[in-house]
2 protein chains.
Amino acid sequence: MAVTIRDVARESGVHVSTVSRAFSAAHMVNAVTRTRVMAAAERLGYRPNRAARALSTRRTANLGVIVADIANPFFPPLIKAAQAQARERDYHVFVADTDERARVEEELVRSMAKQVDGALLVASRLSGRVIAELGRDVPFVVVNRRVRGLPCVLMDVASGTRQAVDHLVALGHRDIAVLTGPSASWTAQRIRGAAEEAAARHGAGLHPVGPNPPTEEGGAFAAAEVVSGPATAVLAYNDLVALGLIREVEALGLSVPGDLSVVGVDNTHIARHCRPALTTVDMPVVAAGRGGIDLLVHRVTTGEDPGTVTLDTRLVVRESTAPPRSPLTRP
Amino acid sequence: MAVTIRDVARESGVHVSTVSRAFSAAHMVNAVTRTRVMAAAERLGYRPNRAARALSTRRTANLGVIVADIANPFFPPLIKAAQAQARERDYHVFVADTDERARVEEELVRSMAKQVDGALLVASRLSGRVIAELGRDVPFVVVNRRVRGLPCVLMDVASGTRQAVDHLVALGHRDIAVLTGPSASWTAQRIRGAAEEAAARHGAGLHPVGPNPPTEEGGAFAAAEVVSGPATAVLAYNDLVALGLIREVEALGLSVPGDLSVVGVDNTHIARHCRPALTTVDMPVVAAGRGGIDLLVHRVTTGEDPGTVTLDTRLVVRESTAPPRSPLTRP
DNA sequence: ATGAAAGCGCTAACAC
DNA sequence: GTGTTAGCGCTTTCAT
């Protein structure tokens with residue numbers, strides 16, 4: 001049986017309420033009494049039970065961070081940034097992975113609800129309606145998704161996407177495929193929308209392929225359709241998909257960027273390391289993680305809606321994009 | 001104010017204890033009463049408060065997973081596997097990142113203590129003494145570290161390390177550098193120990209370099225010392241370090257594996273994607289995550305010590321290792 | 001400044 | 001099968 005406040009009270013010859021005050025409102029207790037209490041606590045190895053404290057204060061000092069897939073390299077830097085910022089504000093962070101499944105996500109939020117003061121919902125796959133409903137149980141901040149009535153941190157992938165299309169068109173591409181991501185992804189919709197708009201502006205053709213899972217397998221799967229179409233360049237939903245596509249395209253005997261230019265999204269560490277290094281849209285994940293926690297803490301401490309923050313994205317050009325092979329030299 | 005068991009009791013015209021039973025021991029309550037209770041709960045949008053339940057049952061149905069660095073690609077697959085297995089056993093998982101800092105790790109464990117039934121301590125940087133002490137507050141299972149008196153899941157990196165040294169010697173290398181990782185890392189000690197032993201067996205020279213942080217920066221930092229020494233091959237603490245070393249060695253005008261062979265450890269996805277693709281020791285992280293949760297659940301439900309599980313590792317040969325340049329052709 | 005007592009939301013004997 | 005009654009460990013009035 002763990003040592004409780006009661007044991008400390010007995011050991012130090014004061015009442016439990018005094019011990020409680022010594023720990024949570026030090027200034028309300030005589031300095032020497034406090035010292036005596038603390039000594040007793042130390043001697044006994046007492047640690048406050050946060051769950052019990054939460055039951056009575058209705059404040060856990062925990063925050064939740066819910067992501068679709070920890071193994072997707074997009075998320076870890078965001079999580080780390082969130083965790084660091086939360087520490088700064090004296091909160092602990094619990095991370096949970098929904099495995100890209102809306103059902104799991106909903107259940108996770110529900111089960112987390114009473115154990116955290118608020119949660120960061122990153123790249124949620126839930127419907128806006130469900131999010132709003134869950135939002136009544138837990139204060140949310142939503143990252144990379146716009147939900148009416150909830151504070152949001154948005155990475156404006158549209159601007160980066162436009163830069164990507166401009167870049168491809170400038171290289172001479174006239175037909176661009178876009179690998180659409182999960183249909184429930186807000187980011188996926190924004191990428192596609194911005195790509196369509198930018199392509200139209202240049203009078204270039206845009207060819208949607210998908211939806212496919214946001215993984216290497218998803219990218220590999222799309223390869224056949226891409227190479228059999230007219231596109232000489234591809235905009236992939238994310239770096240993972242881009243990489244899977246590249247590997248499969250190479251397996252089909254074509255080369256990147258020689259035969260096909262590929263642009264990713266996220267600028268994960270993979271983009272720097274893979275061969276060819278990936279031209280990709282950089283997402284400000286560290287700022288998003290930090291900012292998300294800031295909004296969340298603001299929300300849970302003041303009760304106000306801190307509103308929406310939008311962060312810019314930009315294209316990072318590396319080796320996976322080049323001018324299209326001229327028709328004459330095509331096999 | 002959230003709706004409680006009390007509201008449901010009033011709404012359905014039964015006593016609170018009946019509502020409680022309806023939720024946690026359905027078979028102990030009349031079917032029709034139960035239906036009525038459930039209907040009332042549904043109508044009111046009642047959700048059991050897990051924290052309150054935990055206070056009274058002393059069981060949270062949460063497990064903790066504590067890792068050094070979520071952004072290190074070694075951890076995410078392990079976390080995912082653990083989370084999946086825990087779900088299977090009706091537990092939720094809270095992940096926390098210690099940022100490679102022992103102080104943070106200790107504090108995290110302490111604060112998690114009362115909110116989880118047990119925790120998986122992965123690649124802990126704490127001293128064995130502290131772990132054992134904390135182990136009195138929370139049931140632990142320790143992954144990749146041997147701690148007296150605690151259940152462990154060990155990935156036997158020594159076997160893979162031996163294979164790596166054998167491989168390098170077979171290629172013709174006579175002098176091998178080993179980039180030692182964090183001195184508090186059990187794995188780091190095992191790698192070094194096994195490498196020394198294997199090198200000695202072959203009569204080859206082994207040259208320790210470090211300790212350096214287990215990151216790309218750590219690897220880059222070690223480059224100068226490596227290239228100025230006699231080694232023609234390097235065994236790095238992990239893939240990240242290997243990659244950082246390779247990049248820096250290339251920046252110094254040398255080539256891998258032409259001028260220097262490099263072996264990593266972990267077989268993270270980076271090893272497959274980087275250029276040159278990395279020869280590395282594969283770690284069975286998925287099995288470790290799963291197995292760790294199995295032991296932990298066993299431990300928390302039965303109270304028994306499930307003992308130690310050891311998993312094998314093996315070398316995966318890719319492109320970053322080759323025979324040493326013969327002295328004649330050296331610049 | 002400290003003690004007494006009620007209560008946070010739930011479960012678990014023990015009665016009936 | 002259901003109601004009664006104590007707690008679980010802590011905070012927070014309200015007295016003193």
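Numbered from 1 within each chain, the chains take letters A, B, ... in sequence-line order.
Between A/Ser20 and D/dT11, a side-chain N or O to OP1/OP2 separation shorter than 4.0 Å is present. Between A/Thr57 and D/dT11 there is no side-chain N or O to OP1 or OP2 distance below 4.0 Å. Distances shown here put every side-chain N or O of B/Arg58 at or beyond 4.0 Å from the OP1 or OP2 atom of D/dC8. An OP1 or OP2 oxygen of C/dC8 is reached within less than 4.0 angstrom by no side-chain nitrogen or oxygen of B/Thr4. Under 4.0 angstrom from either OP1 or OP2 of C/dA4 there lies at least one side-chain N or O belonging to A/His15.
Between the C1' atom of C/dG9 and the OH atom of B/Tyr46 lies a distance of 7 Å, rounded to the nearest Å. Straight-line distance from the NZ atom of A/Lys114 to the C1' atom of C/dC8: 13 Å, rounded to whole Å. Following rounding to the nearest Å, A/Phe23 (CZ) and D/dG9 (P) show an atom-to-atom distance of 15 Å. We find that CD of B/Gln115 is positioned 14 Å from C1' of D/dC10, with the value rounded to whole Å. In this structure, CZ of B/Arg59 is placed 12 Å from P of C/dT11, rounded to the nearest angstrom. For the pair B/Arg10 CZ and D/dG3 C1', the computed distance is 17 Å after rounding to whole Å. One can place CG of B/Asn49 at 18 Å from P of C/dG7, the figure rounded to the nearest angstrom. Summarising the geometry, the separation between CD1 on A/Ile5 and P on D/dC10 is reported as 5 Å, rounded to the nearest angstrom.
Contacts of A/Ser17 with the nucleic acid, taken as non-hydrogen atoms under 4.0 Å apart, include base atoms.
Comparing C/dT2, D/dT5, D/dT11 by their closest approach to the side chain of A/Val29 singles out C/dT2. Distance from the side chain of B/Val14 is smallest for D/dG3 among the nucleotides D/dG3, C/dG9, D/dT2.
Interface remark: the A/Arg21 side chain does form a donor-acceptor pair with the C/dG3 base, using a distance-only criterion of under 3.5 Å. At a cut-off of 3.5 angstrom, the base of D/dG1 holds no donor-acceptor pair with the side chain of B/Arg34.
Of the two residues near DNA chain D, B/Leu55 and B/Arg36, the one whose nearest nucleotide lies more 5' is B/Arg36.
A salt bridge does not link A/Arg47 to B/Asp137: none of the charged nitrogens lies less than 4.0 Å from a carboxylate oxygen. The pair A/Asp99-B/Arg87 fails the salt-bridge criterion, with no side-chain N (NZ, NE, NH1 or NH2) lying under 4.0 Å from an Asp/Glu carboxylate O.
Between the side chain of B/Asp7 and the backbone N or O of B/Thr4 there is at least one donor-acceptor pair closer than 3.5 Å.
Checked by atom type, the side-chain pair B/Asn62/B/Gln115 shows no donor-acceptor distance below 3.5 Å. Checked by atom type, the side-chain pair B/Asp156/B/Thr310 shows no donor-acceptor distance below 3.5 Å.
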